[in-house]
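Ligands are counted one by one from 1 in listed order, and the atoms in each one are counted from 1 as well.
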Amino acid sequence: MARTLQKLNLIFLILFIMTIFSFSASSTTAGSFSRTLSPAKLGLKREKLSHLHFYFHDIRTGRNTTAVRVAKAPTTNTSATTFGDVVMIDDLLTERPEPSSKFVGRVQGVYASASQTEVGLLMVLNFAFMEGKYNGSTLTVLGRNPISSTVRELPIVGGSGLFRFARGYAHAKTHTFNMRTMNAVVEYNLYVLHY
Ligand SMILES: *[C@@H]1O[C@H](CO)[C@@H](O)[C@H](O)[C@H]1NC(C)=O
Ligand SMILES: *[C@@H]1O[C@H](CO)[C@@H](O)[C@H](O)[C@H]1NC(C)=O
Ligand SMILES: *[C@@H]1O[C@H](CO)[C@@H](O)[C@H](O)[C@H]1NC(C)=O
């Protein structure tokens with residue numbers, strides 16, 4: 001009886017050591033923090049192409065400013081291209097050029113004067129949609145915006161919500177720009193691939 005118990009104990013001990021060994025072996029294999037997943041597991045079926053069209057209201061001066069300068073270089077004032085200017089925005093997006101037209105969301109981010117040879121902006125923008133089926137979803141744009149060109153193309157680098165895995169491009173076209181107030185209305189067309 002005692003011998004049998006001893007044998008059983010030995011077997012358990014061996015099993016225990018083997019378990020520990022296999023755990024430590026698996027945790028040291030490469031890729032223990034990552035795995036390959038089938039797209040179906042995330043509910044990803046067919047990629048689709050969507051077109052979004054709206055107007056962006058950039059208000060630099062007046063009562064309801066939505067764009068504020070947060071930094072500039074000592075040389076920005078004397079730069080013909082405002083090189084070094086950094087502006088933080090929380091601009092409204094509407095369906096039509098009139099600010100009173102239907103609100104579709106906000107664009108929050110930063111633009112900065114990044115060119116010494118023309119007025120060319122570095123745009124870092126999150127478009128947060130707040131209307132219809134895209135309410136709560138976002139698209140992120142990171143690109144170059146030489147504002148004197150009629151149509152500027154900026155890459156869409158990602159998104160969230162219904163725009164997960166998004167990629168594409170945005171076309172920005174100035175609708176109105178007031179040189180005195182610096183306020184602008186910009187027409188945006190976004191072409192985006194997403195699931
Ligand atoms: C500023 O916002 C208020 C409240 O939304 C609005 O009533 C007013 O017309 C706006 N003023 C301008 C100059 O857009
Ligand atoms: C630069 O321009 C801003 C706005 O036009 C003005 O308030 C500021 O005093 C100027 N700074 C210098 C150093 O000229
Ligand atoms: C968008 O979603 C927010 C949060 O769920 C909700 O409060 C809001 O009413 C929605 N807006 C529209 C226009 O459906």
Side-chain angles (χ1 to χ4, degrees), residues 33-71 85-114 121-145 147 149-178 181-195:
F33 65 95
S34 67
R35 61 188 170 137
T36 303
L37 209 56
S38 89
K41 276 224 164 118
L42 284 187
L44 305 178
K45 294 186 195 91
R46 207 168 45 83
E47 204 172 34
K48 53 180 172 280
L49 179 64
S50 297
H51 173 209
L52 291 87
H53 176 244
F54 48 77
Y55 292 81
F56 166 123
H57 301 266
D58 198 50
I59 316 297
R60 296 284 300 260
T61 55
R63 260 201 301 149
N64 302 328
T65 52
T66 61
V68 293
R69 174 190 264 170
V70 292
D85 202 12
V86 181
V87 177
M88 180 81 72
I89 67 166
D90 182 9
D91 287 355
L92 300 190
L93 306 174
T94 61
E95 233 172 51
R96 302 285 316 136
E98 303 75 39
S100 57
S101 67
K102 192 173 173 188
F103 167 78
V104 298
R106 320 180 76 96
V107 55
Q108 300 171 332
V110 171
Y111 59 75
S113 279
L121 305 176
L122 159 71
M123 309 291 283
V124 184
L125 305 175
N126 286 316
F127 288 89
F129 299 100
M130 295 174 179
E131 175 55 44
K133 70 170 170 171
Y134 295 121
N135 185 8
S137 297
T138 69
L139 282 172
T140 299
V141 163
L142 175 65
R144 178 172 176 269
N145 185 5
I147 64 165
S149 303
T150 309
V151 178
R152 291 86 68 184
E153 183 169 316
L154 297 94
I156 296 170
V157 297
S160 71
L162 290 177
F163 290 123
R164 285 175 181 171
F165 295 103
R167 61 206 160 91
Y169 64 92
H171 274 167
K173 186 171 181 234
T174 304
H175 181 267
T176 50
F177 176 65
N178 185 319
T181 62
M182 302 280 284
N183 295 343
V185 178
V186 184
E187 181 179 7
Y188 269 79
N189 277 287
L190 270 53
Y191 298 89
V192 56
L193 283 169
H194 62 105
Y195 288 91

Pairs under 3.5 Å, N/O atoms on ligand 3 and on the protein: can you put them in a table with the distances?
{"residue": "ligand 3", "atom": "2 (O)", "partner": "N135", "partner atom": "OD1", "Å": "3.2"}
{"residue": "ligand 3", "atom": "2 (O)", "partner": "N135", "partner atom": "ND2", "Å": "2.3"}
{"residue": "ligand 3", "atom": "11 (N)", "partner": "N135", "partner atom": "ND2", "Å": "2.9"}
{"residue": "ligand 3", "atom": "14 (O)", "partner": "N135", "partner atom": "ND2", "Å": "3.4"}

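When each of H175, H53, K173 is paired with E187, the side chain to side chain donor-acceptor pair (under 3.5 Å) condition holds for H53 and for no other.
Listed by chain and number, the residues in a ring pair (Phe, Tyr, Trp, His ring centres under 6.0 Å) with F177 amount to none (sequence neighbours excluded). Applying the ring pair (Phe, Tyr, Trp, His ring centres under 6.0 Å) test to Y169 and every residue at least two apart in sequence or in another chain returns H171, Y191. The ring pair (Phe, Tyr, Trp, His ring centres under 6.0 Å) search around F56 returns Y188, not counting sequence neighbours.
The shortest distance between side-chain heavy atoms of R96 and Y55 falls below 4.5 Å.
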**OP:** Would you sort out whether T66 and H57 count as a side chain to side chain donor-acceptor pair (under 3.5 Å), showing the intermediate values?
**Re:** CA-CA 8 Å; T66 61; H57 301 266; over 6 Å; no

